[in-house]
Amino acid sequence: MKIEVLTLFPAMFSAVMSESMMWKAREHGLLDFHVHDIRDHAGNKQRKVDDSPYGGGGGMILKADVLTRAIEAVKPADQTPVILLSPQGRVLTHQVAAELSRQPHLILVCGHYEGVDERARELAISDEISIGDYVLTGGELAALVFIDAVVRLIPGVLGAEGAQHRDSHANSLLEGPHYTRPSAFRGLSVPDVLTSGHHAEVDRWRRRQALKRTWERRPDLLETAPLSEQDRAYLAQLQAEAQD
């Protein structure tokens, strides 16, 4: 995958994209990553990219001509998605990340100030993504969250093949608890089933723990989760026990 980021603050990406899984993806040729400075397309000596809004109001607006030029400088003549990181966009979920991880090329636009001129949206932006119902100073942190969520789903990036399919939200459920050595710690022990060597029982325990944790913490996810009759029976049991 090729990911290009348009930003006013290129240095914000250097540390994160040089560590951990992002470094691995780049080192192994799974991710071609580039950062572009929007100011390079300002077209003036002052490298001015923003101006005050028509109609008044607080804040400054990223100019349509500057941003559109910046996008057109990196966008090929095809249907490559141009994504604005924005609190007004569709919410980034596991399913959205999986959808976009299948794209060979993504262009991410980091807004700043009060927002971007609406004409840039209409002329050059094809999608908008929000990482949550809150506002950040700029789109750079949101872009980094987006990149991590998408890139880790590219085959070969994660060490454990298929691990991403067991993540929380991958199947509309939260993951259950995990344990490793030591087997006992401060009076708390690893559940016996996990050391039993009985793989079918381990799978059954993990499924039930995922259902229980989702039921306790995010019951809304169960509305869209693919549930078997056994799953529904277990959830009904949890509900009955809670009412006792």
Side-chain angles (χ1 to χ4, degrees), residues 1-10 12-14 16-38 40-41 62 67-112 116 118-133 136 138-172 224 226:
M1 173 183 282
K2 182 177 183 179
I3 295 180
E4 301 189 77
V5 176
L6 301 176
T7 174
L8 297 173
F9 302 98
M12 290 184 69
F13 292 84
S14 57
V16 174
M17 296 306 299
S18 300
E19 299 288 346
S20 188
M21 289 299 173
M22 298 303 103
W23 169 83
K24 177 184 175 183
R26 298 174 72 182
E27 183 73 9
H28 292 187
L30 300 172
L31 174 63
D32 183 13
F33 179 75
H34 301 273
V35 180
H36 306 277
D37 192 337
I38 296 172
D40 292 341
H41 303 273
L62 196 56
L67 186 54
T68 301
R69 282 197 298 267
I71 294 170
E72 291 175 347
V74 299
K75 186 180 185 302
D78 60 18
Q79 297 303 309
T80 295
V82 179
I83 300 171
L84 175 66
L85 282 304
S86 162
Q88 299 180 15
R90 56 180 177 140
V91 176
L92 179 63
T93 64
H94 183 91
Q95 287 69 33
V96 170
E99 165 203 329
L100 293 170
S101 73
R102 295 188 286 270
Q103 292 283 347
H105 187 188
L106 296 173
I107 297 171
L108 307 183
V109 179
C110 301
H112 217 77
V116 306
E118 188 67 19
R119 292 166 293 183
R121 274 191 167 98
E122 295 177 5
L123 293 170
I125 302 295
S126 61
D127 197 358
E128 295 187 40
I129 296 291
S130 168
I131 63 168
D133 294 337
L136 298 172
E140 287 75 19
L141 294 176
L144 286 165
V145 169
F146 173 91
I147 292 167
D148 192 288
V150 169
V151 170
R152 67 189 305 278
L153 298 179
I154 298 173
V157 172
L158 295 182
E161 198 62 41
Q164 66 269 40
H165 302 302
R166 299 189 295 271
D167 288 341
S168 291
H169 301 287
N171 58 0
S172 297
T224 57

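Note that this is a predicted model, so its numbers are computed, not measured. Note that the numbering runs from 1 along the sequence shown for the chain.
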### Task
Please tell me if the side chains of Met21 and Val151 come closer than 4.5 Å, counting only heavy atoms from C-beta onward.
no

### Task
Enumerate the residue pairs fulfilling side-chain hydrogen bond (donor to acceptor under 3.5 Å, both in side chains) with a member in residues 20-35, sequence neighbours excluded, ordered by first and then second residue.
Asp32-His34

### Query
Side-chain contact, heavy-atom cut-off 4.5 Å: Leu31 with Met17?
yes

#### Entry: Distance (rounded to the nearest 0.5 Å) between His94 NE2 and Ser172 OG
9.0 Å

### Task
Could you give me the CA-CA distance, side-chain angles and deciding distance for Glu140 and Met12, then say whether side chain to side chain contact (heavy atoms under 4.5 Å, CB included) is met?
CA-CA 7 Å; Glu140 287 75 19; Met12 290 184 69; 3.7 Å; yes

### Task
Only counting residues at least two apart or in another chain, list the ones meeting ring pair (Phe, Tyr, Trp, His ring centres under 6.0 Å) with His36.
none

### Pairs satisfying salt bridge (Lys or Arg N to Asp or Glu O under 4.0 Å), at least one member in residues 78-95, at least two apart
Arg90-Glu99, Arg90-Asp127

### Pairwise distance CD(Gln95) to CG(Leu100) - rounded to 0.5 angstrom
12.0 Å

## Note on the structure
Closest non-hydrogen atoms of His112 and Gly138, given as atom of the first, atom of the second and distance, are ND1-CA, 3.3 Å

### Query
With sequence neighbours excluded, what pairs up with Ala142 under the side chain to side chain contact (heavy atoms under 4.5 Å, CB included) test?
Leu85, Ile131, Leu136

### Query
Looking at Val116 and Gly111, what are the two nearest heavy atoms and their distance?
CG1-CA, 4.2 Å

### Task
Could you grab the distance from atom CD of Glu4 to atom CZ of Phe33, nearest 0.5 Å is fine?
9.5 Å

### Query
How far apart are the closest heavy atoms of Cys110 and Val5, and which atoms are they?
SG-CG1, 3.8 Å

### Message
So, taking the atom named CD1 in Ile129 and the one named CG in Leu106, what distance separates them when rounded to the nearest 0.5 Å?
### Response
9.5 Å

### Nearest atoms (heavy-atom pairs only) where Ser14 meets Ser18
O-OG, 2.7 Å

### Task
Determine whether Leu67 and Ile38 make a side-chain contact, defined as any pair of heavy atoms from C-beta on separated by less than 4.5 Å.
yes

### For the student: nearest non-hydrogen atoms of His105 and Val74, plus distance
CE1-O, 4.3 Å

### Message
Nearest 0.5 Å, please: how far is CZ in Phe13 from OG1 in Thr7?
### Response
5.0 Å

### Message
Run the salt bridge (Lys or Arg N to Asp or Glu O under 4.0 Å) test against Arg121 and tell me which residues pass, sequence neighbours left out.
### Response
Glu118, Glu128

### Summary
Those residues at least two apart in sequence (or on a different chain) that pass side chain to side chain contact (heavy atoms under 4.5 Å, CB included) with Pro87 are Val135

### Task
Quick one: pull up CD in Glu122 and OG1 in Thr68 and give me the separation to the nearest 0.5 Å.
10.5 Å

## Note on the structure
Correct closest heavy-atom pair for Ala73 and His41 would be CB-CE1, 3.4 Å

### Query
Can you find a pair of side-chain heavy atoms, one from Asp148 and one from Met22, that are under 4.5 Å apart?
yes

### Message
Using the side chain to side chain contact (heavy atoms under 4.5 Å, CB included) criterion, which residues pair with Asp37? Sequence neighbours excluded.
### Response
Pro10, Arg39, Asp40, Arg47

### Query
Of all residues at least two apart in sequence or in a different chain, which pass the salt bridge (Lys or Arg N to Asp or Glu O under 4.0 Å) check with Glu72?
none

### Task
Mind checking side chain to side chain contact (heavy atoms under 4.5 Å, CB included) for Val82 and listing every partner two or more places apart, or none if nothing turns up?
Ile71, Lys75, Ile107, Val109, Ile125, Ser126

